[in-house]
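On a predicted model such as this, the values are computed, not experimentally measured, just so you know. Whatever order the structure lists ligands and atoms in, that order sets their numbers, starting from 1.
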Amino acid sequence: MGYKVVVAGATGNVGREMLNILAERQFPVDEIAALASRKSLGTEVSFGDKTLTTKDLDTFDFTGWDIALFAVGSEATKKYAPVAAKAGCVVIDNSSLYRYDPDVPLIVPECNADAIHGYKKKNIIANPNCSTAQMVVALKPLHDRAKIKRVVVSTYQSVSGSGKEGIDELWDQTKGMYVPGQEVAPNKFQKQIAFNVIPHIDVFMEDGSTKEEWKMVAETKKIIDPSIKVTATCVRVPVFVGHSEAVNIEFEEPLDEDEAREILRTAPGCLVVDKREDGGYVTPIECVGDFATFISRIRTDSTIENGLNIWVVSDNLRKGAALNAVQIAEVLGNKVLQKADA
Ligand SMILES: NC(=O)c1ccc[n+]([C@@H]2O[C@H](COP(=O)([O-])OP(=O)(O)OC[C@H]3O[C@@H](n4cnc5c(N)ncnc54)[C@H](OP(=O)(O)O)[C@@H]3O)[C@@H](O)[C@H]2O)c1
């Protein structure tokens, strides 16, 4: 006996990856439904070697379904997640809508799987922002050893982090640079993204930071430890898939770079590629389709006491979204629902 699983947003970047990963990890699925908006009704999506026909989220009856993986954006989540939850289906949501709700657990299984039991208040579990997810996978084992005081992070985030439209804009704008008359003006992004970088993701906050930067601060505190101070600069770069982060960490206790490397080598979800030679590090193009959070360039920062620099790269559609959501479903299945081993 397995689970009845819904994927809402099945025609999107994250939804398609959710279906791929459920199949790849052989999640025990008895029945599966792929949902999207009415305009995608009848669109075919792949689930392993099967093809599913997309149904309309607006008219779907969640009664009797066990788990719904949502990747539809905050607006649609606001409308439909409570409907699914009320019908007794546990929602695992990728939008930012519920992440900061004290009655909703925000989970990265490598860091705080035990928080799963908090789902009962609303029947909803939140998945973190893509940049936060990969960073906390690297930070948690180091925090457990030497207690992190402060993190300074700069991100290099791919366009797939802003959905299908982001991918199309980079592709069309890049081609349009070389074809007279086919130039593409910025639309999804605030400035030209082809051959450029943009230090602006999500809306501006009152203090001059952006919401994406604020999310990294608030989510790291909720997932690992409220005492950790984080300051972030989030930048969109012309890469299709794979987010990269330059992370500077200040610890309370001494931790040398060799010990940090050894800790990360055995930490769940982490894969260290750190040779001090040409190409001895991971770039985003190499992480696409992978489950791991790759860590390279591990080195002491001798300008502060107990300082360390690391380079963190991961597939934002996987660890940053779909993989983490499926891992949460596995934890939910194994620790709570227990219909089958997930
Ligand atoms: N991309 C990332 O790296 C990432 C990481 C973490 C979290 N997330 C979050 O995951 C969510 C999805 O992102 P994405 O990148 O997959 O976006 P996307 O490629 O634009 O796909 C959006 C999906 O949502 C569906 N949808 C939108 N409005 C809907 C509505 N009113 N009713 C039913 N379905 C609706 C779309 O269906 P149609 O095709 O029918 O329009 C599509 O399947 C967002 O909340 C995003 O913030 C994304």
Side-chain angles (χ1 to χ4, degrees), residues 6-21 33-46 52-60 62 68-81 83-84 91-99 106-108 124-136 155-171 187-188 201-203 211-212 215-216 219 223 234 236-237 239-245 284 287-289 293 313-328:
V6 175
V7 173
T11 53
N13 285 336
V14 174
R16 284 177 194 271
E17 279 299 333
M18 284 169 165
L19 290 167
N20 290 337
I21 292 169
L35 311 182
S37 74
R38 191 158 301 154
K39 79 171 162 49
S40 301
L41 193 70
T43 302
E44 293 189 335
V45 290
S46 300
L52 308 176
T53 305
T54 309
K55 296 179 181 150
D56 183 5
L57 170 60
D58 193 50
T59 54
F60 189 77
F62 286 89
L69 303 174
F70 265 62
V72 292
S74 294
E75 215 175 294
T77 300
K78 197 172 182 179
K79 189 166 174 194
Y80 300 110
V83 176
V91 173
I92 300 172
D93 178 40
N94 268 269
S95 81
S96 57
L97 189 70
Y98 291 104
R99 289 181 195 152
L106 175 66
I107 296 182
V108 173
I124 297 174
I125 301 163
N127 206 45
N129 179 257
C130 38
S131 325
T132 309
Q134 66 184 65
M135 184 172 78
V136 295
T155 70
Y156 307 75
Q157 297 182 221
S158 68
V159 294
S160 57
S162 57
K164 290 181 285 192
E165 291 170 10
I167 292 186
D168 291 345
E169 189 155 312
L170 174 59
W171 178 249
N187 178 32
K188 181 75 185 172
I201 302 177
D202 211 331
V203 296
K211 185 92 182 276
E212 186 82 352
K215 286 176 198 167
M216 292 192 78
E219 294 176 22
I223 295 165
C234 292
R236 189 72 70 194
V237 298
V239 166
F240 284 109
V241 178
H243 287 1
S244 308
E245 298 172 341
C287 78
V288 177
T293 294
V313 179
S314 197
D315 182 330
N316 54 293
L317 299 177
R318 293 203 152 210
K319 186 60 204 170
L323 169 63
N324 198 69
V326 173
Q327 286 177 298
I328 294 173

Ligand 1 versus L57: contacting region, heavy-atom distance under 4.0 Å:
side chain
Identify the protein heavy atom lying closest to atom 41 (O) of ligand 1, giving its residue, its atom name and the separation to 0.1 Å.
K39 NZ, 2.8 Å
Give a yes or no on whether a salt bridge exists between K188 and E165, defined as a side-chain N under 4.0 angstrom from a carboxylate O.
yes
Knowing that exactly one of V239, V241, L170 qualifies, which makes a side-chain contact (heavy atoms from CB on, under 4.5 Å) with S160?
V241
Can you check whether H243 has an N/O within less than 3.5 Å of an N/O in ligand 1?
no
Could you tell me if any non-hydrogen atom of N129 lies under 4.0 Å from any atom of ligand 1?
no
So which heavy atom in the protein is nearest atom 16 (O) of ligand 1, and how far is it from that ligand atom?
V14 N, 2.8 Å
Report the part of S160 (side chain from C-beta onward, or backbone N, CA, C, O) that has a heavy atom under 4.0 Å from ligand 1; answer both or neither where that applies.
backbone
Atom 19 (O) of ligand 1 sits nearest the protein heavy atom N13 N, 2.9 Å
Distance from atom 31 (N) of ligand 1 to nearest protein heavy atom, with residue and atom
A76 CB, 3.6 Å
Would E212 and K215 pass as an ion pair if we require N to O under 4.0 Å?
yes
Heavy-atom nearest neighbour in the protein, as seen from atom 12 (C) of ligand 1, with distance rounded to 0.1 Å
A71 O, 3.3 Å
Nearest candidate to atom 17 (O) of ligand 1, where distance is taken over non-hydrogen atoms, out of G163, S96, A8, G320:
G163
Measure E165 to ligand 1 on non-hydrogen atoms and call it side chain, backbone, both or neither using the 4.0 Å cut-off.
neither
Options V72, D56, L41, ranked by nearest heavy atom to atom 24 (O) of ligand 1, top entry:
V72
Students should be able to answer this: which protein heavy-atom is nearest to atom 46 (C) of ligand 1, and at what distance?
N94 O, 4.5 Å
Closest approach of any protein heavy atom to atom 36 (C) of ligand 1, naming residue and atom:
T11 OG1, 3.9 Å
Side-chain contact, heavy-atom cut-off 4.5 Å: Y80 with F60?
no
Under 4.5 Å between any side-chain heavy atoms of R318 and N20, yes or no?
yes
So, for K164 and N13, which heavy atoms are closest and what is the spacing to 0.1 Å?
N-ND2, 3.2 Å
Any N/O of C130 closer than 3.5 Å to an N/O of ligand 1?
no
I want to confirm something. Looking only at heavy atoms, which of G9, S37, S162 is nearest to atom 35 (C) of ligand 1?
S37
Which ligand 1 atoms does S40 reach within 4.0 Å, using its non-hydrogen atoms?
38 (P), 39 (O), 40 (O)
Would S74 count as being in polar contact with ligand 1, using the rule that some N or O on each side must be under 3.5 angstrom apart?
no
Can you check whether R16 reaches T11 side chain to side chain, under 4.5 Å on heavy atoms?
yes
Looking only at protein heavy atoms, identify the closest one to atom 3 (O) of ligand 1 and say how far it is in Å.
N316 ND2, 3.1 Å
Specify the closest pair of heavy atoms between S158 and N316, including all atoms of both residues, with the distance to one decimal.
OG-OD1, 3.0 Å
